[in-house]
Amino acid sequence: MKPHDSIPYSLPDLDDAERIRRAQDFQLKISQRRTCRYFSDEPVPREVIEAAILAGGSAPNGANHQPWHFSVVHSADKKKAIREAAEAEEREFYGAEGDKAKASEQWLDALAPLGTDQDKPFLETAPWLIVVFAQRKGGIEEDGKTQNYYVNESVGIACGMMIACLHEAGLATLTHTPSPMGFLRDLCGRPAEEKPLMIVVAGKPAADATVPTHALKKKPLSQVSSWL
Ligand code: IYR
């Protein structure tokens with residue numbers, strides 16, 4: 001059943017060769033994205049971040065409630081506060097103070113090929129931090145009480161589309177998920193019904209940026225798909 005209020009929808013009717021070419025071009029482009037942990041402090045225009053947030057905000061989502069909020073952090077003071085709070089959590093996670101790590105040995109072993117640790121200088125170096133919040137309640141009017149649906153799925157897709165846009169704009173990104181992350185709600189002044197989901201760090205890669213070779217091991221199509 002169509003709702004009363006609807007408008008026609010169409011897309012350009014490409015021929016198959018063009019369709020395949022575009023899909024493969026995009027796949028090649030997006031497959032060059034890397035999670036980058038070394039950022040330049042060079043400025044990046046705010047318009048790029050605005051466009052990326054709007055791209056993310058066009059994601060499919062539960063009942064079109066758009067259950068997300070993006071707190072954009074640019075000031076040196078706020079970035080420093082976020083870095084300090086995140087590193088405090090990470091020191092406990094990695095057991096950097098000599099206490100037992102909160103992370104299991106299995107988890108730490110899994111992270112070893114990435115070379116991550118409790119130091120997060122990029123949270124201050126990169127020009128932009130986009131702190132992503134998931135709204136458990138609020139509806140389209142953000143009334144703080146209407147139930148939202150498929151919140152994690154919706155916000156996850158929005159983050160993916162935002163990251164794709166940032167990559168297209170030639171920016172490096174890093175999804176940082178300090179754990180626990182309640183401090184982000186306080187530092188960004190967000191309400192209790194919002195759950196911080198991740199920080200998307202965005203900026204130019206440092207001139208000497210590297211990525212771990214572990215990150216290049218991508219599963220082949222034959223492993224990630226089955227065709228029924
Ligand atoms: N939040 C920690 C640990 C971490 C966990 C996973 I799973 C990663 O893929 C990367 C890091 C940190 O940011 O160091």
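Ligands are counted one by one from 1 in listed order, and the atoms in each one are counted from 1 as well. These numbers come from a predicted model, not from an experiment.
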With atoms numbered from 1 as shown, which atoms in ligand 1 lie under 4.0 angstrom from a non-hydrogen atom of [X]?
X      : value
His176 : 13 (O)
Thr177 : 1 (N)
Phe93  : 3 (C)

Quiz item: Can you name the one residue among Val131, Leu54, Val132 that meets side-chain contact (heavy atoms from CB on, under 4.5 Å) with Phe70?
Solution: Val132

Quiz prompt | Protein residue, atom and distance nearest to atom 2 (C) of ligand 1, heavy-atom basis | solution = Glu90 OE1, 3.2 Å

Quiz prompt | Heavy atom of the protein closest to atom 11 (C) of ligand 1 (residue, atom name, distance) | solution = Leu111 CD2, 3.8 Å

Self-check item: Polar side-chain atom of Glu92 near backbone of Ala101 as donor-acceptor pair, under 3.5 Å
Solution: no

Quiz item: Could you walk me through whether Arg136 and Glu194 pass the salt bridge (charged side-chain N to carboxylate O under 4.0 Å, His left out) check?
Solution: CA-CA 6 Å; Arg136 297 187 190 93; Glu194 292 189 1; over 6 Å; no

Is [X] in polar range of ligand 1, meaning some N or O pair under 3.5 Å apart?
X      : answer
Lys120 : yes
Trp107 : no
Tyr94  : yes

Practice problem: Would you check if there is a donor-acceptor pair between the side chains of Thr116 and Tyr94 at a distance under 3.5 Å? | Solution: yes

Quiz item: Would you say the side-chain atoms of Asp25 and Gln27 include a donor-acceptor pair closer than 3.5 Å?
Solution: no

Quiz prompt | Phe183 atom CZ, neighbour heavy-atom count above 12 within 6.0 Å | solution = yes

Quiz item: Contact between Gln118 and ligand 1, counting heavy atoms under 4.0 Å?
Solution: no

Quiz item: Between atom NE2 of His176 and atom NZ of Lys120, what is the distance when rounded to the nearest 0.5 Å?
Solution: 5.0 Å

